[in-house]
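Single-structure report; data block below.
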Amino acid sequence: MVDQANTVDASAIRKRLEDVRERIEQACQRAGRRSSEVTLVGVSKTFPLAAVEAAYEAGLRDFGENRVQELEKKSAGLPGIYNEGDVRWHLVGHLQRNKVKKAIQHFDLFHALDSPRLARELDKRAARIDRVIPALVQVNVSGEASKYGMDPEKVPDYLDGLAQYEHLKVVGLMTIPALVENAEKVRPGFSLLRKLFDEYADQAVPNVDLQFLSMGMTNDFEVAIEEGATHIRVGRGIFGARNY
Ligand SMILES: *Cc1c(COP(=O)(O)O)cnc(C)c1O
């Protein structure tokens, strides 16, 4: 593998970041929202630490990875708040139970809680390091098109069941919609997630306090903002095309 670190174009990253921020601002205006309500998470998977550092220099403070090993490597170079740094690391991808022990030492927010067994394992491992893990429940809003995520109908019962875990704090919902050309096609899925969120938000369940909606990526983040996203996860829009 070539060392991509030498090929990072910091000024291109800065320009793309400015453009994304401008589009966030405009989407917020259309939706009557403040842009301070929307956290831009730069998804740096497959890109080198130098790319993350370029985005950091341009003011970005939230970064996302979908693999534990890559998260571990990059967060060693630029530590998250949990490790006394000044960025937040988001684990946005599926987490296998045998990687929980390592993962929870590196991220600040976990976006992909999607099974009872994973919740139990996270709670158990977090207790051992005396940590309370903030997590979002991943919901599959597009049927069979997505491999991971809970069925929307199962979400309320699942959230009720998480009340028992004192080392897990469920702070919101997340979704990855089916990949489509036309971003308008994902609007119904985002709107469904928002509805689930609103319906559950008033429930008084211990260890569950829904505040965040993580939805929207490079192709569809404006629609997600219009539908109420508090976290958008943008990779290519900031870092450029990925080589896979
Ligand atoms: C890769 C990825 C993203 C970013 O996707 P882009 O299309 O590059 O913006 C967002 N969320 C998750 C879970 C991802 O795996």
Side-chain angles (χ1 to χ4, degrees), residues 4 8-9 12-13 15-24 27 38-49 51-52 54-55 58 60-75 87-96 99 103 106-115 118 134-142 145-150 171-187 189-190 193 212-244:
Q4 283 189 68
V8 165
D9 183 344
I13 289 174
K15 274 189 72 188
R16 279 191 295 260
L17 192 53
E18 271 169 24
D19 176 59
V20 168
R21 285 192 173 123
E22 179 62 35
R23 287 164 59 194
I24 292 172
V38 179
T39 299
L40 172 60
V41 180
V43 179
S44 50
K45 65 186 183 198
T46 78
F47 293 99
L49 180 62
V52 177
L60 197 63
R61 290 293 179 273
D62 288 82
F63 297 97
E65 287 291 333
N66 69 339
R67 295 214 170 89
V68 176
Q69 218 180 343
E70 237 182 300
L71 168 73
E72 185 183 22
K73 256 172 60 187
K74 286 180 206 163
S75 67
V87 305
R88 270 177 306 227
W89 281 101
H90 300 254
L91 184 61
V92 299
H94 181 70
L95 177 59
Q96 288 169 298
K99 301 214 170 115
H106 303 288
F107 63 67
D108 296 285
L109 178 62
F110 176 49
H111 289 235
L113 181 57
D114 65 355
S115 80
L118 181 58
L136 310 178
V137 167
Q138 183 173 350
V139 183
N140 180 355
V141 295
S142 46
S146 174
K147 248 193 307 182
Y148 301 116
M150 310 282 306
V171 291
L173 305 177
M174 174 270 210
T175 197
I176 307 173
L179 199 61
V180 290
E181 297 259 312
N182 176 357
E184 279 304 322
K185 290 226 171 97
V186 299
R187 191 183 291 277
F190 290 157
L193 195 70
F212 302 132
L213 267 177
S214 168
M215 54 188 196
M217 318 201 302
T218 294
N219 285 344
D220 50 27
F221 70 83
E222 286 144 308
V223 175
I225 289 170
E226 288 166 15
E227 295 299 325
T230 67
H231 289 67
I232 56 171
R233 310 178 308 266
V234 178
R236 291 166 297 139
I238 295 171
F239 297 105
R242 279 187 298 270
N243 300 323
Y244 72 86

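One-based numbering, in listed order, for ligands and for the atoms of each.
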Go through ligand 1 atom by atom and flag the ones less than 4.0 Å from a non-hydrogen atom of [X].
X	value
Val92	12 (C), 13 (C)
Val234	9 (O)
Arg233	4 (C), 9 (O), 10 (C), 11 (N), 12 (C), 13 (C)

So Lys45 and Arg67, do their side chains get closer than 4.5 Å, heavy atoms only? no
Looking at side-chain heavy atoms only, is the closest gap between Val38 and Phe221 below 4.5 Å? no
Proximity winner for atom 7 (O) of ligand 1, if only heavy atoms of Arg236, Arg242, Met217 are counted: Arg236
Ligand 1 versus His111, non-hydrogen atoms closer than 4.0 Å: side chain, backbone, both, neither? neither
Ile176 and ligand 1 - part of the residue with a heavy-atom distance under 4.0 Å: side chain
Side-chain donor-acceptor pairs of residues 173-183 under 3.5 Å, sequence neighbours excluded:
residue: Thr175; atom: OG1; partner: Val139; partner atom: O; Å: 2.6
residue: Asn182; atom: OD1; partner: Glu184; partner atom: N; Å: 2.9

Look at Lys73 together with Glu65 and state whether they make a salt bridge at an N to O cut-off of under 4.0 Å. no
Non-neighbouring partners of Asp114 that pass salt bridge (Lys or Arg N to Asp or Glu O under 4.0 Å), sequence neighbours left out: none
Pair Trp89 + Phe63: ring centers closer than 6.0 Å: yes
Would Met174 count as a polar contact of ligand 1, with the cut-off being nitrogen or oxygen pairs under 3.5 Å? no
